[in-house]
Amino acid sequence: MAYSLEGRTGTWEVVVGLEVHAQVISESKLFSGASATYGGAPNAHVSFVDAGFPGMLPVINKECVAQAVRTGLGLKAQINLFSRFDRKNYFYADLPNGYQISQFAHPVVGTGTVEIELQDGTIKQIGITRLHLEQDAGKSMHDQHASKSVIDLNRAGVALMEIVSEPDIRSPEEAGAYLRKLRQILRYLGTCDGNMEEGSMRADVNVSVRKAGEAFRTRCEIKNVNSIRFVMHAVEAEALRQIEIWESGGEVVQETRLYDPSKGETRSMRSKEDAHDYRYFPEPDLLPLVLEQSWVDELAAKLPELPDEKRARFCDQYGIPFYDAGVLVAEQATADFYETVAKTRDGKLAANWITGDFFAALNRTGTTIETSPVSAAALGQLLDLIADKTINGRIAKDVFEEMVETGAMPADIVEKKGLRQVTDTGAIDAAVTKVLAENADKVAEYKSGKDKLFGFFVGQVMKAMQGKGNPALVNEAVKKQLG
Amino acid sequence: MSPFDLTIAQAAKALRAKDISAVELTTAYNGAVAALNPRLNAYITTTPELALEQAKAADARLKAGDATALTGIPIAMKDLFCTEGVRTTAASKILSPFVPPYESTVSAKLKAAGAVMLGKANLDEFAMGSANITSAYGPVENPWKRREDADAKLVPGGSSGGSAAAVAARIALAATGTDTGGSIRQPAAFTGLAGIKPTYGRCSRWGIVAFASSLDQAGPMARNAEDCAILLNAMAGFDEKDSTSAPQPVPDFTQALTRGVKGLRIGIPAEYRLEGTNPEILALWDKGIAWLREQGAEIVDISLPHTKYGLAVYYIVAPAEASSNLARYDGVRFGARVDGVDLIDMYERTRAAGFGAEVKRRIMIGTYVLSHGYYDAYYLKAQKVRNLILRDFSNAFGKVDAILTPTAPSAAFGLGEKMDDPVTMYLNDVFTVPASLAGVPAMSVPAGLNAEGLPLGLQVIGKHFDEETVFAVSAAIEQAAGFAALPEVRAK
């Protein structure tokens, strides 16, 4: 059932396009040698180029271009071998040159697609319009001094990729799914850490509403939303605001708005009339960016496996369900962890353990896959102990808990605690005989038709053997002795 | 021989022969600067102590046998080159307190070669002007005088007017300039000097206060073509810090000076024979043609059909780039600031107080031509015509090796003349602007005097990265012209 909003005059469809600013992972800034590291003392990572000093000139950082191309390849997009930088002119205190170097007419990456999956399993393609490189501005702080603002230029000049989607998104859920998928791809590629709290990924959200079958109506742009949840809220809040305007006979005006998460509403930032005239023109300090197809091919050849492909391969190679594969590839680290465990073992069992006990343990201990006390090697060893029947599945759960507690290897735990599975039929038979003798009344009940008691006998035998009995052999022995 | 009459080549020889030491040479020039600069205003900042220090180091190098052709040569540095620890103003109030913490690539190369810096030469504010009258530090006086009117103050041309006046008056042995639309060539012509604007991309722009990025180019101004070649040898070269600098090998330009012009095809563009051009200028041009023909060059009539659009294109492209390049002068990080009630108010007050009228005019023109709704009609169209002008030159250079034209439509004019209307002033650049737009090298050499006794220059334009032919032709003209006149005001 497609998402829609009910108004007084009928049903409204929501139309959303997203412009995502993703900070490029690189050693240095887009046009200077200054460090692009996050944090640091204010103005610690600033070169004269970043500060816009007289006579300073930008030089394109090749690694940033490579990151943009990798991202373009990851978005199945067209890579433009010819692109160009332009100046976007406006005055602001944290924009040292009085212009931002961006790509306006000729972006480095053209059209592509991102595939999203919704709750109900629907798969949808969201079009990518373009991706271009540009420099970030610095940061103005207005609360450090009674009458003055202070400027931190650490971020000024850091490379950003602006990734623009087509207006293909039709609900808050789709907006969220798109952002999560995009972030996943960027993280897989290692081109952006996708960390929205630190601002290394931010979204401008374009929202309009329309009745079924209509052309697009006027849109508003909600600037700089910094969490996926807020984007989803902002879409709905803005759509409801616009519906209210249209339904009360008004007209939505094109403008830039801000989302206020504390009030759950958007408010006007500046109208179209106040919009800047950016006076874009080709950056005369830089030559056009001309890429060699062979260089692009080289980057493509070295591109890591992306989540969609990995998911398909996991299903195929390890025979696990599509859903489970989706969970395992959500994060690159999880996928790698899974693959280390599953590679030479039962892929389904590995998937069950990871999505079950392992994830639960991470949750419980507040650890991540990187800090987990249980390594992939350790979990693999546990599965090996199950596979070669050294321990049974029940004991394995206990061993796993011990592994979470102590970080010890499962083989050591099994040795130390003598948890090795008993497959000696003599010992099992003896244990069965003892249990049946001690529960003569229950045996009688069983024999008079209370079949369910079979499990009780098995449980008692396992208990008597401290859980170490081989379940199949125990079953067999109980069945045999009960006649 | 007086130290003031030496060329770089002669001074280098004298320094090696120990006829004079670098300290003696610099001391003489420091003295001449102190005596004449108050009158000429050729320097905004003089650096006599620094010059002496550098001279001492030069003497040590000379002694050690580790000297270049420029070691110990006292020069003026246009105050558009950022010089580490030495105030750099671009002749603007807005940069009056600015002391760069870095050295421009070109000035660093000259420093490394051992050249001695006497001071920072005056110029038009942000290099915007053709008479050196827009400097916030006052106009520069041309050391040349009209024969009949020695009291009238003449302009030295611009924007490198301070550099020109300093070299002409012998208060610098040579100077650096920058040329965006004629700022080296026109003042060289007005002061009887040689000056070359190299191919765009030949010298690094890193550390030069930007006026119009796609046009700005550094170059030397000196007594003759040979000195220019010596200087350009040191100034030129690829710089990874300037993406528009060219990864081209730098030949020894002095080798080209004696090549001669025999067999060279010299183009004479019909479109430069403008109606109303001073007949003296046209006569000198004809003389230049005759000299080259006599020396064995083949004279070829050519057409550069889009020449007439050159000025219009230039006065759109250059202000457009300047309006953006000058946005950084906002009082936030360096330079002068005038406080305001808020950020916008501070910007407005700072820029209102910091920029002069001509700079403001060009910022406004540039902002206008880039504005929404005007961009296509002005900036984009200008870029298209710029391409046509480039194509004119490419076509012409299919037929000829170099082009000969006058440098400027007149000799130096009086301070206060041509000021009623900015366009009259812009017309000074009519012969120099096309080569700038095409990015080709062009040089002005002194070729004669007008009836009033003022120097006139001829311009030699060459192919991209073929400064060598430009030097060869210029040297041939220089030799034929035998220009030996000296300005009225000069160190003796």
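This structure is a prediction, so every number in the text was calculated from the model and none was measured. Below, chain A is the first sequence line, B the second, and so on; all start at residue 1.
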Enquirer: Go through the atoms of B:Ala90 and report whether side chain, backbone, both or neither lie under 4.5 Å from a heavy atom of chain A.
Expert: neither
Enquirer: Can you say whether A:Asp285 sits under 4.5 Å from chain B via the side chain, the backbone, both, or neither, judging by heavy atoms?
Expert: both
Enquirer: Under a 4.5 Å heavy-atom cutoff, which of B:Thr244, B:Leu215, B:Val332 has the most pairs with chain A?
Expert: B:Thr244
Enquirer: At what distance, to the nearest 0.5 angstrom, does NZ of B:Lys241 lie from OG of A:Ser32?
Expert: 13.0 Å
Enquirer: Suppose a student defines contact as a heavy atom less than 4.5 Å from any heavy atom of chain A. Which residues in residues 365-380 of chain B would they list?
Expert: B:Thr367, B:Leu370, B:Ser371, B:His372, B:Tyr375, B:Tyr379
Enquirer: Determine whether B:Asn325 and A:Arg87 make a side-chain contact, defined as any pair of heavy atoms from C-beta on separated by less than 4.5 Å.
Expert: yes
Enquirer: Say you draw a straight line from CZ of B:Arg205 to CE of A:Met56; how long is it, rounded to the nearest 0.5 Å?
Expert: 11.5 Å
Enquirer: Only pairs of heavy atoms separated by less than 4.5 Å count here; which of A:Leu153, A:Ile60, A:Val59, A:Leu286 has the most with chain B?
Expert: A:Val59
Enquirer: Quick check on B:Leu326 against chain A: is it the side chain, the backbone, both or neither that has a heavy atom closer than 4.5 Å?
Expert: neither
Enquirer: Is it the case that atom NZ in B:Lys381 sees more than 12 heavy atoms from other parts of the structure closer than 6.0 Å?
Expert: no
Enquirer: Heavy-atom distances under 4.5 Å only: say whether A:Phe53 touches chain B with side chain, backbone, both or neither.
Expert: both
Enquirer: With a 4.5 Å cut-off on side-chain heavy atoms, are B:Leu343 and A:Tyr92 touching?
Expert: yes
Enquirer: So which residue, B:Ser104, B:Ser324, B:Ser213, B:Ala210, ends up with the most heavy-atom pairs under 4.5 Å with chain A?
Expert: B:Ser324
Enquirer: May I ask you to check whether over 12 heavy atoms, not counting those of A:Arg219, lie within 6.0 Å of atom CZ?
Expert: no
Enquirer: Decide if atom CD of A:Gln144 counts as having more than 12 heavy atoms of other residues, nucleotides or ligands within a radius under 6.0 Å.
Expert: yes
Enquirer: To the nearest 0.5 Å, how far apart are CG in B:Asp342 and OG in A:Ser147?
Expert: 12.5 Å
Enquirer: Check each atom of B:Gln383 against the heavy atoms of chain A and say whether the ones under 4.5 Å are side chain, backbone, both or neither.
Expert: neither
Enquirer: What part of B:Val209 gets closer than 4.5 Å to chain A, counting heavy atoms only: side chain, backbone, both or neither?
Expert: both
Enquirer: Picking from B:Gly335, B:Ser214, B:Gly207, B:Cys82, which has the most non-hydrogen pairs under 4.5 angstrom with chain A?
Expert: B:Gly207
Enquirer: Quick one, A:Phe48 and B:Pro101 - any side-chain contact, counting heavy atoms below 4.5 Å?
Expert: yes
Enquirer: Is the closest side-chain heavy-atom distance between B:Tyr102 and A:Pro54 below 4.5 Å?
Expert: yes
Enquirer: Counting only heavy atoms from other residues, nucleotides and ligands, does the tally under 6.0 Å from CD of A:Glu292 exceed 12?
Expert: no
Enquirer: With a 6.0 Å cut-off (strictly less than), is the heavy-atom count around CD of B:Glu240, excluding the residue itself, greater than 12?
Expert: no
Enquirer: Heavy atom to heavy atom, less than 4.5 Å: which residues from residues 94-102 of chain A reach chain B?
Expert: A:Pro96, A:Asn97, A:Gly98, A:Tyr99
